[in-house]
Asker: 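Provided herewith is a single structure, encoded as C-alpha cells, for subsequent inquiry.
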Amino acid sequence: METDIQVRQHNAITNARYEYSELQLDIFLYLLSRLRKNQPDGVYEVSVIEMSKLTGKKYDYQKLRLATEGMGSRMFEIPNETDKKGRQVWRQMWMFDRVDYIHGTGVIEVEFTRTIQPYLFDLKATFTSFQLYSALRLGSKHAKRIYTLCNQWKDRGQTPEYIIEDLKRMIGLVNEKGEEEYGPFSMFRKRVLDESVKQINQHTDLQINYTLRKQGRSFKSIIFDVKAQPLSIALPVEDELVKAGTAPIGISENQYQNTRLLLEKWNIKRADVVNQIMNSAELIQEVNKFAYELQTGKVKVEKNVAGYLLTRLGLKQPKGKEKDA
C-alpha cells in the first residue's frame, strides 16, 4: 500500500516539553494526520489496524490501553508564550479531554481540550511539516522528537544552537526532579544523539548530523545540520490536490519531488531523460518502486544504478542489444 501523508504540527508543540513513549508517539503522530481544520471539537479515531500497516509493527492491545491511559494525563509545557494580557508565560496544557480505547475494536477515540485546540487547528504560518510515514518508521521516541525538530528547520539547512540541557528537557530526558534518563554525557551521545542520527538517516526523508560546542571542558550546546534526501517509499497523500503544471495526474507533489531527489542521487541529469521521467506518472511510480526494492534488497545493483534503472524504464538499450534500424 502506497501512501504519503504529510503532517502539520504547530511549532509550539514541536518545541514543547513533554514525554511520550514510542508507542504513545506513534498514536499521537498518526492522530495528527487525521485532524480536520474545521472540526476542532470533533471526536477523532485512531485505527490500530491502519497504524500497524503504516509502521509495520504489531501492537499489543493491553499495552495500547495503558498507553492511552497515560496519554490522558501527560502535560505539554510550552515556553515563552504570550497570554491575553501580553505577558510572557510558561504554558502548561493537557492534550486530551478524553481518551477511550474501545475494547475489542482496535479503535482509539479522543477529544481535545479547548486550550490545546489552537495549537492543533489554527496553524497559520507557524507549523512544522513532516512525513508521517518517516516519523512512524523510527524505532526510538528520541529519534521521533529530533526528527520533527529538525523538520522545522529543513528549509534553512541548520537548526538554531540548542543548550544541551534545554534539549534534554524538551525531549523528556529530565524529569521534574531534575533526574536524567542518561546522566553521563557519553551515554546521552551514544543512546540518544548517535542512535537518532542513524535512524533518521536510514529511514526518513532527512539526512542530519550534529556539531557539539564546548564551554570550558564540557559540551554546552548542539547544532543539527539538516538536508533533504529521497525517501525510498513515497506514498499518495489522502485528499491531496496536485497543483496543475507540476506533478502528473495521479502523482502527489511529494512523490514528484522525491523522484527528483532520487534522480539527482543517482546522477541522472540529462535534461531530455529527466523531463521524460518527470512528465510520466507511470515512470515516476516505477522510480519510487525501484528505490524501495533497492533499499529492501529485493533488487541488488552493485554498480551503475542509473544505467540499470534507465534500462528498466525502457529509456536505455540493454547491453549487447543494438537499436533497430
Side-chain angles (χ1 to χ4, degrees), residues 5 7 9-33 46 48 51-52 54-60 62-78 93-96 99 101 108 110 116 119-120 128 130-152 159 162 164-206 208 210 222 224 226:
I5 304 171
V7 176
Q9 175 177 278
H10 198 292
N11 288 343
I13 298 295
T14 302
N15 294 283
R17 295 181 178 181
Y18 66 95
E19 183 184 2
Y20 271 177
S21 67
E22 181 194 345
L23 175 55
Q24 288 169 334
L25 280 170
D26 281 352
I27 296 170
F28 176 53
L29 293 171
Y30 181 83
L31 181 60
L32 288 179
S33 74
V46 174
V48 177
M51 189 170 70
S52 185
L54 276 172
T55 63
K57 303 173 187 175
K58 291 184 178 179
Y59 294 104
D60 178 271
Q62 178 63 19
K63 290 181 180 178
L64 278 167
R65 189 186 66 77
L66 293 174
T68 55
E69 179 184 325
M71 291 174 77
S73 60
R74 294 292 172 93
M75 179 189 71
F76 283 69
E77 188 171 55
I78 299 177
M93 299 181 295
W94 285 260
M95 180 72 67
F96 302 110
V99 180
Y101 168 59
I108 298 165
V110 305
I116 203 73
Y119 295 94
L120 298 176
T128 302
F130 57 90
Q131 291 193 0
L132 174 68
Y133 186 78
S134 290
L136 290 176
R137 291 174 86 193
L138 297 169
S140 155
K141 62 180 181 179
H142 309 307
K144 292 177 190 290
R145 290 297 309 277
I146 290 173
Y147 170 71
T148 57
L149 192 67
C150 287
N151 262 283
Q152 184 180 345
T159 68
Y162 293 103
I164 289 173
E165 293 306 310
D166 290 344
L167 178 67
K168 287 181 177 180
R169 287 186 172 86
M170 186 189 302
I171 64 177
L173 288 173
V174 182
N175 64 22
E176 64 277 1
K177 297 179 181 178
E179 299 168 338
E180 295 190 28
E181 186 173 344
Y182 299 106
F185 183 81
S186 59
M187 291 291 288
F188 167 68
R189 186 172 189 172
K190 179 181 179 181
R191 298 286 183 86
V192 178
L193 296 180
D194 291 345
E195 183 60 28
S196 294
V197 168
K198 179 183 175 182
Q199 289 191 26
I200 290 168
N201 290 347
Q202 285 183 350
H203 299 302
T204 79
D205 57 323
L206 295 186
I208 72 168
Y210 65 87
I222 184 171
F224 292 96
V226 188

Asker: Quick check: does any side chain N or O of S196 sit under 3.5 Å from a backbone N or O of L193, one acting as donor and the other as acceptor?
Answerer: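 Absent.
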
Asker: Is there side-chain contact between K190 and E195, with heavy atoms separated by less than 4.5 Å?
Answerer: no

Asker: Is there a donor-acceptor pair closer than 3.5 Å between any side-chain N or O of Q199 and the backbone N or O of A143?
Answerer: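 Not at all, since once roles are kept as given, no pair shorter than 3.5 Å links the two residues.
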
Asker: Check whether any side-chain heavy atom of H142 lies under 4.5 Å from a side-chain heavy atom of V192, and answer yes or no.
Answerer: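 SC-SC contact between H142 and V192 confirmed.
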
Asker: Does M170 offer a backbone N or O that forms a donor-acceptor pair with the side chain of R145 under 3.5 Å?
Answerer: yes

Asker: Just how far is it from atom OG1 of T148 to atom CD of Q9, taken to the nearest 0.5 Å?
Answerer: 5.5 Å

Asker: Should N151 and T14 count as side-chain neighbours, where that means a heavy-atom distance under 4.5 Å?
Answerer: no

Asker: Donor-acceptor check, side chain of E69 to backbone of L66, threshold 3.5 angstrom: yes or no?
Answerer: no

Asker: For the side chain of R74 and the backbone of W94, is there at least one donor-acceptor N/O pair under 3.5 Å apart?
Answerer: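 Flag not set: sc R74 to bb W94 has no pair under 3.5 Å.
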
Asker: Does T159 use its side chain to pair, donor to acceptor, with the backbone of F224 at less than 3.5 Å?
Answerer: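 Here the side-chain-to-backbone pair exists.
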
Asker: Please enumerate all residues that pass ring-ring contact (aromatic ring centres under 6.0 Å, His included) together with Y18, with sequence neighbours excluded.
Answerer: Y20, F76

Asker: Give a yes or no answer on whether the side chain of N15 reaches the backbone of I78 with a donor-acceptor pair at less than 3.5 Å.
Answerer: no

Asker: Under the rule for ring-ring contact (aromatic ring centres under 6.0 Å, His included), what residues qualify as partners of Y119, not counting sequence neighbours?
Answerer: H10

Asker: Under the 3.5 angstrom rule, does the side chain of K57 hit a backbone N or O of S52 as a donor-acceptor pair?
Answerer: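 No, the answer is negative, given that no donor and acceptor are paired below the 3.5 Å cut-off.
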
Asker: Is the shortest side-chain heavy-atom distance between K168 and I164 below 4.5 Å?
Answerer: yes

Asker: Report yes or no: does K144 contribute a side-chain atom to a donor-acceptor pair with the main-chain N or O of L138 at less than 3.5 Å?
Answerer: yes

Asker: State which residues pass ring-ring contact (aromatic ring centres under 6.0 Å, His included) with Y210; sequence neighbours excluded, sorted by chain then number.
Answerer: none

Asker: Is L32 close to I13 at the side-chain level, that is, under 4.5 Å between some pair of heavy atoms?
Answerer: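 No - every pair of side-chain heavy atoms lies 4.5 Å or more apart.
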
Asker: May I ask you to decide whether K141 forms a salt bridge with E19, counting only side-chain N to carboxylate O separations under 4.0 Å?
Answerer: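 The answer is yes: the pair qualifies as a salt bridge.
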
Asker: Just so I know, are the side chains of Q24 and S21 near enough to count as touching, which here means a heavy-atom distance under 4.5 Å?
Answerer: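 When only atoms from C-beta onward are counted, S21 and Q24 do touch, with a gap below 4.5 Å.
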
Asker: Evaluate R169 against E77 for salt bridge (charged side-chain N to carboxylate O under 4.0 Å, His left out), listing each step before the verdict.
Answerer: CA-CA 10 Å; R169 287 186 172 86; E77 188 171 55; over 6 Å; no

Asker: Between L167 and L149, is any pair of side-chain heavy atoms under 4.5 Å apart?
Answerer: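 SC-SC contact between L167 and L149 confirmed.
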
